[in-house]
Amino acid sequence: MVALALTTLTPASQVQTEENRGSANFLVPLCKMWLEFAETDRETETLQNMGKTEPVRLAAAGVCVGVVFGVLEDLRSMKFACPPKDITNPQLIRTLLSEIERHPDRMKEDFVVRARAAMIKSWPCRKKKSAHRIGSPKP
């Protein structure tokens, strides 16, 4: 009976020690890995070879960027974040990482939440001035 109880507790304790794959701690290094690929002069053939020899590393680097651009598209569509039209992908990722890493005490938090906050802070959308005012007109 005791052995059965111990074996049923083992999976639960392992789950508690697993890394949170949605945290900034997990995804920031993947973004940095992507920057390494994006900012070096890697030939297409070199990347294709990495796809054959290190597919997990190459795919992992893309995970962060996929998350970042998914969040950005949501924020753009709702007019919460408006990065400059001429910003490059590496510039966008570097700005985001810089903002997230300013608060190392919050790296265990959800990356998407941190990314959203960083994008809204870094690239707020300008409010359009309305031609009409609500309320009574001035005399």
Side-chain angles (χ1 to χ4, degrees):
M1 186 67 140
V2 172
L4 179 61
L6 289 176
T7 57
T8 58
L9 291 176
T10 302
S13 63
Q14 286 176 345
V15 170
Q16 291 173 357
T17 61
E18 285 184 17
E19 187 170 12
N20 178 357
R21 293 176 184 235
S23 72
N25 271 335
F26 185 81
L27 286 164
V28 164
L30 298 181
C31 285
K32 289 179 178 181
M33 188 186 318
W34 181 86
L35 277 173
E36 178 187 322
F37 293 133
E39 294 181 327
T40 58
D41 292 331
R42 295 192 184 250
E43 297 175 16
T44 304
E45 185 177 327
T46 304
L47 289 175
Q48 288 175 346
N49 287 337
M50 279 193 76
K52 293 174 186 171
T53 60
E54 299 180 80
V56 173
R57 184 170 181 241
L58 194 57
V63 168
C64 172
V65 178
V67 169
V68 167
F69 292 115
V71 169
L72 180 59
E73 285 308 309
D74 282 346
L75 293 175
R76 274 186 180 154
S77 70
M78 295 181 286
K79 304 287 188 230
F80 289 142
C82 298
K85 291 183 194 247
D86 61 346
I87 193 168
T88 66
N89 291 341
Q91 288 171 328
L92 190 139
I93 298 294
R94 265 195 313 287
T95 301
L96 180 67
L97 291 178
S98 175
E99 188 60 37
I100 289 174
E101 289 181 320
R102 286 179 200 220
H103 305 283
D105 55 312
R106 299 180 62 200
M107 293 295 286
K108 290 184 179 181
E109 293 178 16
D110 187 273
F111 180 81
V112 170
V113 172
R114 300 289 317 282
R116 285 175 56 94
M119 288 178 197
I120 291 168
K121 179 180 178 185
S122 298
W123 305 294
C125 294
R126 294 183 183 175
K127 306 243 185 219
K128 292 183 179 178
K129 293 183 180 181
S130 175
H132 303 286
R133 295 185 70 155
I134 298 176
S136 53
K138 291 185 178 181

Shortest non-hydrogen contact between [X] and [Y], atoms and distance:
| X | Y | result |
| --- | --- | --- |
| Lys108 | Ser23 | O-CB, 3.6 Å |
| Ala61 | Trp34 | O-CB, 3.5 Å |
| Ala24 | Pro29 | O-CD, 4.0 Å |
| Glu73 | Arg76 | OE2-NH1, 2.9 Å |
| Arg106 | Arg114 | O-NH1, 3.0 Å |
| Phe111 | Cys64 | CZ-SG, 4.0 Å |

Would you give the length of the straight line joining atom [atom1] of [X] to atom [atom2] of [Y], rounded to the nearest 0.5 angstrom?
| X | Y | atom1 | atom2 | value |
| --- | --- | --- | --- | --- |
| Leu30 | Leu35 | CG | CG | 11.5 Å |
| Trp123 | Thr95 | CH2 | OG1 | 5.0 Å |
| Ile100 | Glu109 | CD1 | CD | 10.5 Å |
| Glu101 | Lys32 | CD | NZ | 3.5 Å |

Following the transitive rule for hydrophobic clusters with a side-chain heavy-atom cut-off under 4.5 Å over Ile, Leu, Val, Met, Phe, Trp and Tyr, establish whether Val113 and Ile120 coincide in one cluster. no
Linked, directly or transitively: Ile93 and Ile87 (ILVMFWY side chains, under 4.5 Å): yes
Are any of the side-chain heavy atoms of Leu96 and Cys31 separated by less than 4.5 Å? no
Begin from the C-alpha positions of Arg116 and Met119 and carry the test side chain to side chain contact (heavy atoms under 4.5 Å, CB included) through to its verdict. CA-CA 5 Å; Arg116 285 175 56 94; Met119 288 178 197; 6.0 Å; no
Determine, stepwise, if the pair Asn89 / Val65 fulfils side chain to side chain contact (heavy atoms under 4.5 Å, CB included). CA-CA 9 Å; Asn89 291 341; Val65 178; over 6 Å; no
